[in-house]
**Student:** 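Please see the structure below; I have some questions.
We count ligands from 1, going down the list as the structure has it; atoms in each ligand are counted the same way.
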Amino acid sequence: MRKIAVMNQKGGVGKTTSSVNLAAGLALQGKRVCILDLDPQAHASLHLGVEIVGDTPTIYHAFAGEKSLTQVRRLVAPQLWLVPSNIDLAAAEVELADTPGRELILRGAIDQLLATEPYDYLIMDCPPSLGVLTVNALSAAEEVMIPLQPHFLALHGLSKLLETTALVTRRLNRKLRVSGVVLCMHESNTRLAADVAADLSDFLSASDPDAPWAQARIFSTKIRRNIKLAEAPSFGKSIFEYAPKSPGAADYLGLVVEVLSMEYAAQQSPQMSMAG
Ligand SMILES: Nc1ncnc2c1ncn2[C@@H]1O[C@H](COP(=O)(O)OP(=O)(O)OP(=O)(O)O)[C@@H](O)[C@H]1O
Ligand SMILES: [Mg+2]
């Protein structure tokens, strides 16, 4: 069982596109997957064809303690469940401000969900901020995946993001590790993309071995810029349903295979996965 938070406080870098297509791709490979939409913008929900109107329960109700995740999640494709969001979730940030233990609400709800329903993967699509919703995802996750758009300010926000991860690791969740960086909207023929990847790789290899990102990889699958990936959400479909022969589908399948291969590598060398 893997719990992955897809996080970057920078907006529009490919978090939702990666969360949805990774989740959909893993489900197509036969894994039981639940994607949690932690963004009041509800883009992951919309991408999977779910628009919440009226009193339908959402992840907001789970944060408010009114519903369990089992009551909120719904099946959106074979093997793929969604815990949807809507704009109500924006209120949670404010409402939780005075709640003791507010950083751990999602973790409690997930533990309860997993006690009755086994999943192979939980994928959490974070909002573009480092607020209480993202901290809840980091407290509940074991892995952080960071989508990054390789342009010249890409590394700029990374230190703040990693600092937050380190803080959560120290205070709330010792199991948390950054598993990797996914380069999104990648233009393979540009010098800039290569430079950013090289800088990032230097940074990761020079990091303190105790840092939660010390083992992070840059996924060798780069997600190229592909218009089909931008069109798919408006049809409420993953790239695998919307345009299975597109470069976007090929790239996300590559990422799925890499994510699965980490799982098999960890199973084959239990000592290594236990270390740290
Ligand atoms: N590889 C790609 N090629 C073309 N368009 C893409 C690609 N990846 C994402 N997009 C588009 O770029 C926009 C931003 O992507 P996405 O919503 O995944 O980013 P995000 O990090 O989740 O944004 P936010 O911070 O607002 O949550 C969307 O319109 C999406 O469809
Ligand atoms: Mg998003």
**Student:** Are a donor atom and an acceptor atom from the side chains of T221 and E258 found within less than 3.5 Å of each other?
**Tutor:** yes
**Student:** Please determine, by modelled atom types, if Y121 and E263 share a side-chain donor-acceptor pair under 3.5 angstrom.
**Tutor:** yes
**Student:** Side chain, backbone, both or neither: which part of H186 comes within less than 4.0 Å of ligand 1 when only heavy atoms are counted?
**Tutor:** neither
**Student:** Using a 4.0 Å heavy-atom threshold (strictly under), name the region of N8 that reaches ligand 1: side chain, backbone, both or neither.
**Tutor:** neither
**Student:** Among G12, A44, P247, S18, which one has a heavy atom closest to atom 24 (P) of ligand 1?
**Tutor:** G12
**Student:** Quick one: look up the protein heavy atom nearest atom 1 (N) of ligand 1 and list residue, atom name and how far away it is.
**Tutor:** R224 O, 2.9 Å
**Student:** If we count only N and O atoms by modelled type, under 3.5 Å, do the side chains of N173 and S139 hold a donor and an acceptor together?
**Tutor:** no
**Student:** Closer than 4.0 Å to some heavy atom of D39 - which atoms of ligand 1 meet that?
**Tutor:** 27 (O)
**Student:** Considering L229, N226, I227 one by one, which has a heavy atom nearer to atom 3 (N) of ligand 1 than any of the others?
**Tutor:** N226
**Student:** What residue and atom, counting heavy atoms only, is the protein's closest point to atom 17 (O) of ligand 1, and at what distance?
**Tutor:** T16 CB, 3.9 Å
**Student:** Which is closest to atom 20 (P) of ligand 1 by heavy-atom distance: Q9, M7, K15?
**Tutor:** K15
**Student:** Counting from 1, what ligand 1 atoms have a heavy atom of V13 closer than 4.0 Å?
**Tutor:** 19 (O), 20 (P), 21 (O)
**Student:** What atoms in ligand 1 come closer than 4.0 Å to a heavy atom of I223?
**Tutor:** 1 (N)
**Student:** Answer yes or no: does atom CD of E66 have more than 12 heavy-atom neighbours from other residues, nucleotides or ligands under 6.0 Å?
**Tutor:** yes
**Student:** Could you tell me the residue and atom name of the protein heavy atom closest to atom 29 (O) of ligand 1, and the distance to it rounded to 0.1 Å?
**Tutor:** A230 CB, 4.9 Å
**Student:** Among P128, G14, S246, C126, which residue places a heavy atom closest to atom 19 (O) of ligand 1?
**Tutor:** G14
**Student:** May I ask you to identify the nearest protein heavy atom to atom 9 (C) of ligand 1, giving residue, atom name and distance to one decimal place in Å?
**Tutor:** T17 OG1, 3.3 Å
**Student:** Can you run down the salt bridge (charged side-chain N to carboxylate O under 4.0 Å, His left out) pairs that involve residues 216-235, sequence neighbours left out, and say none if there aren't any?
**Tutor:** E187-R225, R224-D251, K228-E231
**Student:** Starting from atom 26 (O) of ligand 1, which protein heavy atom do you reach first, and at what distance in Å?
**Tutor:** Q41 NE2, 3.2 Å
**Student:** Going by the rule salt bridge (Lys or Arg N to Asp or Glu O under 4.0 Å), which residues pair with D195 if we only count those two or more places apart in sequence or in a different chain?
**Tutor:** R191
**Student:** List the closest protein heavy-atom neighbour of atom 7 (C) of ligand 1: residue, atom name, distance to the nearest 0.1 Å.
**Tutor:** M185 CG, 3.4 Å
**Student:** Can you list the atoms of ligand 1 that are under 4.0 Å from a heavy atom of G11?
**Tutor:** 25 (O)
**Student:** Using the six-membered ring wherever Trp is involved, compare the ring planes of Y119 and W81 and label them parallel, tilted or perpendicular (cut-offs 30° and 60°).
**Tutor:** perpendicular
**Student:** Is the side chain of T116 donor-acceptor paired with the backbone N or O of L113 at a distance under 3.5 Å, no angle test?
**Tutor:** yes
**Student:** Answer yes or no: is there a donor N or O on one side and an acceptor on the other, between the side chain of N21 and the main chain of I239, under 3.5 Å?
**Tutor:** yes
**Student:** Looking at L69 and A62, what are the two nearest heavy atoms and their distance?
**Tutor:** CD2-CB, 3.7 Å
